[in-house]
There are 2 protein chains.
Amino acid sequence: MANIRDIAKHADVSVTTVSRVLNEHPYVSKEKRARVHKAMKELGYLRNQQALTLSTGKTQRVVVILPYMDHPYYGFFVNGLAKAALEHNYRLVMWQTEYKLSEERQALDLLKHREVDGAIVLSHEMSFKEMETYRAYGPIAVATVGAPETISSIHVDHYASFVSGIRVLQSHGYEQIGMILSRSHSPSSLARQQAYFDEVAHAREQWIWTGYLTSEDGVRLAETFLSQKERPRALFFSSDYVALGFLGEMQRRHIAIPEEVAMLGFDGHPIGRAFGLSTMLSPNEQIGRRLFETTLAEMNGAQPETHGMTVSYQVGTTL
Amino acid sequence: MANIRDIAKHADVSVTTVSRVLNEHPYVSKEKRARVHKAMKELGYLRNQQALTLSTGKTQRVVVILPYMDHPYYGFFVNGLAKAALEHNYRLVMWQTEYKLSEERQALDLLKHREVDGAIVLSHEMSFKEMETYRAYGPIAVATVGAPETISSIHVDHYASFVSGIRVLQSHGYEQIGMILSRSHSPSSLARQQAYFDEVAHAREQWIWTGYLTSEDGVRLAETFLSQKERPRALFFSSDYVALGFLGEMQRRHIAIPEEVAMLGFDGHPIGRAFGLSTMLSPNEQIGRRLFETTLAEMNGAQPETHGMTVSYQVGTTL
DNA sequence: TTGTATGCGTTATCAG
DNA sequence: CTGATAACGCATACAA
């Protein structure tokens, strides 16, 4: 493992000159530059990133905090993040929390311990108040609403999005509407419920089902839904995967969609399109990209940024 | 940012003593230990991970190399990897290659530059011969077959798996069998084709369709498939997602499955189960977990390991 | 255009 | 039990 000093000795120059060549600084004579390059080749020099990191104080890494890496919902975010990070020569450290607050804290501790330069939070149990205590150690960007000024937020405006989704349902003639949500107390879920009660005339508490995250949950939901005496005519799902699980189970039971119950999803996953799921298309990949870019900007001195994204209706056959 | 020297000064001990307290070494008097703890608390000490890393030469990081982070196929692998890594206090650096060889090289260069301790390769364009040139810089584990002795491999035995899948189809009375593969020249695809020609009496070159990766590809396939004059009676898909795209499109066209064409998937994704897809269940999460564990073992001096995993038939309604 | 000296924050060695 | 000092490998202020 030849280091910068070995190269200097071999090329008969100072370490500073080697460092300058390495960093493509000007003010190095052609001849010495060539000697250094020759020495690097001969000794098989490989720059040690750890040393660079300690010396500069920059890690070129960002931690991405999310509950589950195998949930397709996060796929598009992460894809956008990964592309943007790679383009800017940054590395993504992934931290899976399984919705555990203790894991979120450990992940954000990376910031404190100078292991990463910034943090991107796709889902959090932690209050913004607590999250702000980490802010002193580096920029934080979240994909949820309600962030304070110190924390960047690139998010779907869930209130506006659900209002527009509900209007799509209403424009198709559905008035009795139910809603399927993931976590009952998350900020986005609260915004969705607000939209529901603001916009749906026949809103009912018991037509909001919470705790549905996966396609398997969607399958379970079918049973629950069908056992209900008074049922809504349409269901608005906060996740395409839950909707698809429900749709598959309804097909198995030979229950006609949308005749028996209409369905509107949320996300816009390709697999949903294959089954004709009507859905609200969310620009998740773009959000991922912007989350990285805003974090990068903050690392370069920019101010935190808040930006709400809008969704659009993607026509299907379940309405 | 108080450092170890500040603590030493504040507690009126040497830096060595502080380091010993930090690392819970014995041979530190109770009294000094207490003074150090007090100083750390008072100055808000946070250990700098970068310095630790440079000093010890261990990064506690592993790079995970995969083509796409948003392809559900990799979700289970990554989930297993993430759980195992977290348990052992390791961080996962994700590198998305989009099947580009140049990206794979850059990712493996992290090993050379001491930015990670090991590499886990879930899919690769790179030959094993080239991959071995990185082996000197740290352990490498792959999830594909055919690795040399120096590289660990935890993989599905695609040959055996496809043989057993084909036998499942045959046991249901299907003799005219076609196969849908992702990449035509990957080691796993070659093994699958070998199994096909070894086991299927009526095997035909033109009944092997390659280049199908996503559910959207599955949708496209329906058109291609139906335009064929002579069609197989059953299709064996190398991916549940492609199979689901195909299934959705067939439903849209009101073509009966399995009456018109039987389908067998490969993976065992929950969403497939919701739609009754018959499939071969692959233990991908377990593979992910073992990939990490074998890498960790190698970092602690163990020899590379090769282990083939088997799949099992998961009953559905598409056969 | 070049080089010397110092710092980044730890751990490890070795002497006491 | 304790501490001074030397690594680890690089970047950079400052001087020449």
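Chain naming here is simple, since letters A, B, ... match the order of the sequence lines and numbering starts at 1 in each.
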### Query
When the distance from NE2 of A:His113 to P of C:dG9 is rounded to whole Å, what number comes out?
14 Å
### Task
Taking the six-membered ring for Trp and the full ring for Phe, Tyr or His, determine whether the centres of B:Tyr137 and B:His113 are under 6.0 Å apart.
no
## Note on the structure
Atom NZ of A:Lys112 and atom P of C:dG9 are separated, to the nearest Å, by 18 Å
### Task
Can you tell me the distance, in whole Å, between the OH atom of A:Tyr27 and the P atom of D:dA15?
19 Å
### Query
When you check the gap from the basic side-chain N to the acidic O, do A:Glu125 and A:Arg183 get nearer than 4.0 Å?
yes
#### Entry: Separation of atom NZ in B:Lys30 from atom C1' in D:dT2, rounded to whole Å
18 Å
## Note on the structure
When A:Pro26 and A:Arg5 are each assigned the nearest nucleotide of DNA chain C, the 5'-most assignment goes to A:Pro26
### Query
Are A:Lys32 and C:dG3 close enough that a side-chain N or O sits under 4.0 Å from OP1 or OP2?
yes
### Task
Report the residue (B:Leu22 or A:Arg35) whose heavy-atom-nearest nucleotide on DNA chain C is the more 5′ of the two.
A:Arg35
### Message
Under a 3.5 Å threshold, yes or no: a donor from one side chain and an acceptor from the other, between A:Glu132 and A:Thr150?
### Response
yes
### Task
Any chance you could lay out the side-chain contact (heavy atoms from CB on, under 4.5 Å) test for A:Arg91 and B:Val63, step after step, and finish with the verdict?
CA-CA 10 Å; A:Arg91 292 90 173 84; B:Val63 62; over 6 Å; no
### Message
Please list, in numerical order, the residues of residues 45-55 of chain B that have a heavy atom closer than 4.0 Å to any atom of DNA chain D.
### Response
B:Leu54, B:Ser55
### Message
Could you tell me if the side chain of A:Glu87 sits less than 4.5 Å from the side chain of A:Arg289, heavy atoms only?
### Response
yes
#### Entry: Atom pair distance, as rounded to whole Å: CE in B:Met40 and P in C:dT10
11 Å
### Query
Do you see a donor-acceptor pair shorter than 3.5 Å between the side chains of A:Glu305 and A:Thr294?
yes
### Message
Regarding A:Thr17, tell me which of base, sugar-phosphate or nothing describes its non-hydrogen contacts under 4.0 Å with the strands shown.
### Response
sugar-phosphate
#### Entry: SB check A:Glu42 A:Lys38 (cutoff 4.0 Å)
yes
### Task
Would you kindly give the CD1-to-P distance between B:Ile4 and D:dA4, to the nearest whole Å?
13 Å
### Message
Quick check on contacts: within residues 7-16 of chain A, what sits under 4.0 Å from DNA chain C by heavy-atom distance?
### Response
A:Val13, A:Ser14, A:Thr16
### Query
Partners of B:Glu149 by salt bridge (charged side-chain N to carboxylate O under 4.0 Å, His left out), sequence neighbours excluded?
none
### Message
ring pair (Phe, Tyr, Trp, His ring centres under 6.0 Å) for B:Tyr68 and B:Tyr74? Distances and angles first, verdict last.
### Response
CA-CA 8 Å; B:Tyr68 290 104; B:Tyr74 295 102; 8.3 Å; no
### Query
Starting at CG of B:Asn3 and ending at P of C:dC8, how long is that distance when rounded to a whole Å?
7 Å
### Message
What's A:Val28 touching, base or sugar-phosphate or nothing? Going by heavy atoms closer than 4.0 Å.
### Response
sugar-phosphate
### Integer-rounded Å distance: D:dA13 P and A:Arg20 CZ
11 Å
### Task
Considering just the side-chain nitrogens and oxygens of A:Ser29, establish if one lies under 4.0 Å of OP1 or OP2 belonging to C:dT2.
yes
### Query
Distance-only, no hydrogens or angles: does the B:Asp117 side chain make a donor-acceptor pair with backbone N or O of B:Thr59 under 3.5 Å?
yes
### Query
In terms of side-chain heavy atoms of B:Asn23, which of D:dT12, C:dT11, C:dT2 is nearest?
C:dT11
